[in-house]
Every structure is written in structure tokens, then in C-alpha cells.
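Input: a single structure, listed below in C-alpha cells.
In this chain, numbering begins with 1 at the start of the sequence shown. Just so you know, these numbers come straight off a predicted model, no measurement behind them.
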Amino acid sequence: MLIVSEGKLNKVKQIYVIVLLISLLLRSINVYSLIPSIYDGALFAFLATMGAIFLLNDFFTSLKARKFTYDKFLVFFIIVLVISIVVNRQFGVVSNLKLMVWNSIYFFLVYESGKTFYKEDSFFIKINFSLIIAWFVVSFLSLIMFLLKFGYEKYTSPQERIRIGFLESRLFGLFGDPNYGAIVCIVVSILSIFYLINGWNKKGVLLKLFLIINIAIQFSVLLLSGSRSALLISFVIVGISTFIYSFIFSSKRSSRNFVVRMIISLIVTLAVTGFYFLLQKETKDILQTIPEHVKYELKFENTKNKVELGTEKDNKKNNEVSLVRKDVAQNKDISNMRFSIWKSAIEIFKTTPWVGTSPRNLIPYAQKYLPNTFIAQRLFVAHNTFINVLVSTGIFGFLLFVFFLIWNAISIIIFYFKNRNKLSSSYYIYLAAVTTLVLSGFFVNELILVNTVGALVFWLYLGKLNGHKEGKILDEKSKNES
């Protein structure tokens, strides 16, 4: 056990979470993958070791006090994951064990930190502005690449290729994946809007200007990313947020009749989402024309195995930029292969329903036992958090994770209705961010069995939401006892 005071240990934990977030932000930049992997491996090995030390210290401290606060669903999920790894050890163990360590860190350190430090605004301000500033830089540079029509592509392996800038009629920019990048753009926009509106009179002009510019940049990158799933999620978040705030506002200003408030909220929601639809359409049309008026291009010229960077004045008359993705417009499959991937994953799941394939062994398992399936031939991952959990850990892992989410959703909703008049405005912001990330799980692998910015933010923010709930319960208990 670490021989340090609890207060100092908590401060070190907070620093650790912030450093982990910054490291993940760095890893999410596609240019970062060009750096030798030994450096990335060393950095995250160190972070994993530090996280494991914190976990062991917390475990032995809880064992000594005979008081365990860990969520039982998550504990059993780790047990199921270990069983899956052992059963599928023939395909590989090391990468799965690393993933298990990271998921344990998210479950029992990051999530618990969110609950423990939920009242410490300074900690979350550091987290939030680290995310806001980092994504501002990445999105701004990505937008510059679009304006200069810069695109660079490099194949690193049959399964992976690095795409930087504007390629295939969509903005990859500096994002490792434009879908992940666009989802984080939504979360950063939510945070920026909150910090812009909350305490407006107390903020300086420069901070207000920065936040306004950041919101505009994030919105532009969201549209240019070509991520249909992220755009759909943004509509859902706008609709839900408008409805909730309209419902609260109407109860204070117009009527306390439930039916009237519902009707007013629905009308306002339809109006706002309609406006948002027109806004995103017109903004996208305007963005598409801007590069035509930029007289310079930035490009790599590969001659004689030498890469050269330079700018050239463009004299071409036909310099239009298209934002219509050919892989979507010329594809009869509206899901852009997602349905085929999901169907293939379910086929694989049926052959190993109890323990799954283990997270990192989906493709090797499919290639050995189901070589004719879509995943085995095309080497795709599941592209859906819930299907990925199902095929990776089997039915037990899937049920534990889904029950965990459902239980949290129900308890948060009940808590909201019981305390809606007492909750701070920041509560809704974290709820919107968590909802965004959960919805993203239907289109990409996020939240669990991954080590990403989105996963860290999800578990930390969910912990904060539950911290509010558990803190309220403890306060009421202490009042009743006294």
C-alpha cells in the first residue's frame, strides 16, 4: 500500500487522469502514428503501470476497510473478459491482457475518480479545457488543410492506412478516424457552449471570442468530416436538449400544466431542429465553395522516393471541391457496409456464444473457423460497440454491459425528476456529453474494450453524474440520521 495521505493520493490521481487524457489526445492525431511505435508503447506502458499501482492500492485499502465501492456489473464483466481471454489464448494473449488492464483502469480508477471528485470543479475545468484547447488546435489545422486542398495518404499495412487532410470528398484532417473526430467535435461544442453561456458577464472578451470561434470551427469540421452518424447524433442531441430546456423554461414562464408544457416543448423542438437542418445544409454549401477562392494549394510531391513539401499557385479554372462521398453516393448499401459487418459479426458470435472470441482475436478467430465470412475476408472490426462486446465476450459480457448502461440510465432519469429543480446547469452538459458517446457506440467501437479519448471522457463524466446521485443520497441519509 502506498504510504501517502489520502489527500495527496487523490491529487496524484487527478494529475494522472489529466496526463492520460493528454496522451490519448496526442494518440488520436493521425500524424502521431508516423512516429516509431516504440515511443508510444513506452508512454502507455508507463501510464498502464501507474494505473495498475493505483488500482492495487485502492483494492488493498478497500480490503483492509472491508468496504468495496466498485460496481458489481463491471467487476463481473472483467471476470468474463478474463475467461474469454483464457479460452481464446491460442490466438493471442498479450494484447488482450493489455486491453483488460486499460478497461480495469477506466472501470475502477477513472469512473471512480469521477464519482469521488464530482464536486471538485477545478479538476473538471482542467479536464474540459484540455479537451477544448487540444481539439481546437486539431480541428483548426484540419480546416486549414481543407482550405488548401491538402491530402496525403500512406499505406502502413494491408489493414491500415494513414489519411491526412482532405481526401475522398471528406475531411480526415489530423483525425485518426473522421468518425471518432466528429463525435469529439460534438462533445467539445457542448462544453464550449456551456462555458460561453454560463457566467457570461464574468468572462473576458478574449475567452468569449475563443469559445465562439471554437464552436464555429467544430461545427464546420463536423460537416466536412462526412460522418453521417455524427451528424445524426448531433440532431438527436439538439432535439433532446431543446426539449428539456423548453420544458423547464415553460414551467417557469408560461404554464404548469403538464400537457401544455409538453406541447410547447414539442413545437419549440421541431422549430429548432428544423432551423438546425437548414443551418447545417447552408453552412456545408458555403464551406464547399471557399477553397475555390483560395489561390494556393499545399501538397506532397513524391519524386525519386523523396517527399517534398511546397505551395503552388493554382491557375486551374476547374477548381471545385466536392463534398459528395463516392463511397456513399455510388453505393446501394445505405449503411456503407456496416450491415454486412454486423451480420458477419453475429455469424461469428453464433459459433462461440458463451465466451466470445476475445476482443483482439475477432479476425484471427474468423479466419480460422469462418474464413468465408465478410469480417475474415475484409479484415474489419465490428463498428458497433454493442455488437463488438457481444462477439468479443459472449452473451454474459454483453448482458452485463447492457444491464450496467440500462441501470445507470434509469437511476439517472429517476434522480433527475426527483431533483430537477435543484440541479446545476453543468449537470445537463455532462449528461449531454455522455448521451452523445453512448449514441456513437451504435456506429463505432467506443466506450468499452478500447483505449480512446471518448472512452476516458465517457467513464469520467458518467462517474461525475453518479457522484451527484450518490452524494445526494448520502446527504439525505445523514440528515435523517441526525
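Of all the heavy atoms in Ile133 and Phe210, the pair that sits closest is CG1-CZ, 4.3 Å. Taking every heavy atom of both residues into account, Ala382 and Leu362 meet most closely at N-CD2, 4.3 Å. Of all heavy-atom pairs spanning Trp342 and His383, the tightest one is NE1-O, 3.2 Å.
Side-chain atoms of Glu446 come within 3.5 Å of backbone N or O of Ala455 as a donor-acceptor pair. The backbone N or O of Arg163 sits less than 3.5 Å from a side-chain atom of Asn30, completing a donor-acceptor pair. Remark: the backbone N or O of Val324 is paired with a side-chain donor or acceptor of Ser169 at under 3.5 angstrom. A distance-only check finds no donor-acceptor pair linking the side chain of Ser192 to the backbone of Ser189 [under 3.5 Å]. Thr385 places a side-chain N or O within donor-acceptor distance of the main-chain N or O of Val444, the cut-off being under 3.5 Å. Under the 3.5 Å distance criterion, the side-chain polar atoms of Thr436 are matched with a main-chain donor or acceptor of Ala432. A donor-acceptor pair under 3.5 Å is formed between the side chain of Ser84 and the backbone N or O of Ser392. No donor-acceptor pair closer than 3.5 Å links the side chain of Arg27 to the backbone N or O of Asp40.
Aromatic ring centres of Trp407 and Phe404: separated by at least 6.0 Å. Proximity of the aromatic rings of His468 and Phe415 is defined here by a centroid distance below 6.0 angstrom, and this criterion is not met.
Note: Trp102 and Tyr106 have tilted aromatic rings, judged against thresholds of 30 and 60 degrees for the angle between ring planes. Aromatic ring pairs are classed by plane angle as parallel below 30°, tilted from 30° to 60° and perpendicular above 60°; the pair Tyr111 and Trp459 is perpendicular. Between Phe77 and Phe401, the ring planes are tilted. Angles from 30° to 60° get that label. Note: Phe442 and Phe386 have tilted aromatic rings, judged against thresholds of 30 and 60 degrees for the angle between ring planes.
Scored by the salt bridge (charged side-chain N to carboxylate O under 4.0 Å, His left out) test, Lys13 finds Asp58 as partners (sequence neighbours excluded).
With no hydrogens or angles considered, a side-chain donor-acceptor pair links Tyr430 and Asn128 at under 3.5 Å. Side chain to side chain, Gln218 and Ser139 meet the donor-acceptor criterion of an N or O pair below 3.5 Å. Side chains of Gln14 and Asn10: no donor on one and acceptor on the other come within 3.5 Å.
Evaluated for a ring-ring contact (aromatic ring centres under 6.0 Å, His included) with Phe123, the options Tyr118, Phe129, Phe117 yield exactly one hit, Phe117.
Using a 4.0 Å cut-off between a side-chain N of Lys or Arg and a carboxylate O of Asp or Glu, Lys115 and Glu112 qualify as a salt bridge.
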- prompt: Would Phe349 and Phe398 count as a ring pair (Phe, Tyr, Trp, His ring centres under 6.0 Å) if you check the C-alpha gap in whole Å, the side-chain angles of each, and the deciding distance to 0.1 Å?
  reply: CA-CA 11 Å; Phe349 159 73; Phe398 173 78; 8.1 Å; no
